[in-house]
Amino acid sequence: MDRAERLALSIASGMLVVFLAAVIFAVAKLDIKLPTCLTSMQPFESGEVIQHTADRFEIHYLAMMWSFEPEEVEIPRGATVDLYLTSEDVLHGFQILGTNTNLMAVPGTVNYARVHFDKPGKYRIVCHEYCGVDHQSMAAEINVVEH
Ligand code: CUA
């Protein structure tokens, strides 16, 4: 190993020890609480499809490890959909393939998008933010049908 590499490794190791010691000191002696990634806030607790008129829909999406609720939704072609999205656990992604809709599902908060579906077909929704061991199977679908 090169001398410069050894020096960089020593400095990095030393900084790691100092950082860990500072965290342990802060928690044990200064009684500083470490932040957690989970919130107890829950804007809504289940997924829901609300139909206002023949072509106006509102969908409340709940993201969770590792699915979306509701998992399948059928709407008529030409419908305008207001999407409200939250997460019950960790950060998730929410992308409707074939559209420009791309949101983050954030615990404790609601994100919003309005989508207009002009073309019939099956629109797959995928999670695009790594969220755990089964991230790759996290998906849902909006089926846009002729009426
Ligand atoms: Cu949810 Cu990745």
Side-chain angles (χ1 to χ4, degrees), residues 5 8-28 30-147:
E5 280 180 323
L9 205 57
S10 303
I11 292 171
S13 302
M15 286 170 68
L16 186 64
V17 170
V18 169
F19 175 75
L20 285 175
V23 170
I24 291 166
F25 178 75
V27 171
L30 304 179
D31 201 29
I32 292 172
K33 301 277 183 278
L34 290 178
T36 67
C37 63
L38 296 180
T39 172
S40 56
M41 282 263 307
Q42 187 81 353
F44 48 85
E45 291 182 349
S46 61
E48 194 178 2
V49 181
I50 302 162
Q51 183 169 4
H52 291 294
T53 64
D55 60 354
R56 286 299 298 270
F57 288 78
E58 185 177 321
I59 307 176
H60 298 179
Y61 273 106
L62 183 62
M64 64 197 84
M65 291 187 277
W66 290 276
S67 60
F68 293 104
E69 196 186 300
E71 200 178 333
E72 281 186 40
V73 175
E74 190 174 288
I75 59 162
R77 184 179 65 82
T80 299
V81 179
D82 287 320
L83 297 173
Y84 296 89
L85 172 69
T86 192
S87 166
E88 72 165 27
D89 38 48
V90 298
L91 276 178
H92 297 277
F94 182 95
Q95 182 174 15
I96 307 177
L97 304 182
T99 73
N100 61 359
T101 305
N102 187 334
L103 297 170
M104 293 301 296
V106 183
T109 193
V110 176
N111 280 326
Y112 166 80
R114 175 169 285 177
V115 194
H116 190 74
F117 291 96
D118 278 327
K119 289 182 189 162
K122 290 178 189 272
Y123 291 80
R124 193 168 165 78
I125 299 167
V126 296
C127 175
H128 58 73
E129 182 79 12
Y130 182 71
C131 56
V133 292
D134 217 13
H135 154 76
Q136 73 285 345
S137 66
M138 191 170 166
E141 195 172 81
I142 294 177
N143 193 10
V144 179
V145 296
E146 291 286 355
H147 45 161

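All ligand and atom numbering here is 1-based and tracks the order in the structure. Any value given below was found using the heavy atoms of this structure, including those in side chains, with hydrogens, waters and symmetry copies removed.
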In residues 65-73, what donor-acceptor pairs under 3.5 Å come from side-chain atoms, sequence neighbours left out?
| from | atom 1 | to | atom 2 | distance (Å) |
| --- | --- | --- | --- | --- |
| W66 | NE1 | C131 | O | 3.3 |
| E69 | OE2 | G47 | N | 2.8 |

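Shown here are the side-chain hydrogen bond (donor to acceptor under 3.5 Å, both in side chains) partners of Q136, two or more places apart in sequence or in another chain: D134.
For the pair F117/I142, a side-chain contact is recorded, criterion being any heavy-atom separation below 4.5 Å from C-beta on. Contact of the C127 side chain with the H135 side chain is registered, since non-hydrogen atoms from C-beta on lie closer than 4.5 Å.
Neighbours of atom 1 (Cu) of ligand 1 restricted to protein N, O or S atoms under 2.8 Å: the count is 4.
The salt bridge (charged side-chain N to carboxylate O under 4.0 Å, His left out) contacts involving residues 42-62 comprise R56-D82, where partners must be two or more places apart or lie in separate chains.
Between the side chain of H60 and the backbone N or O of L85 there is no donor-acceptor pair closer than 3.5 Å.
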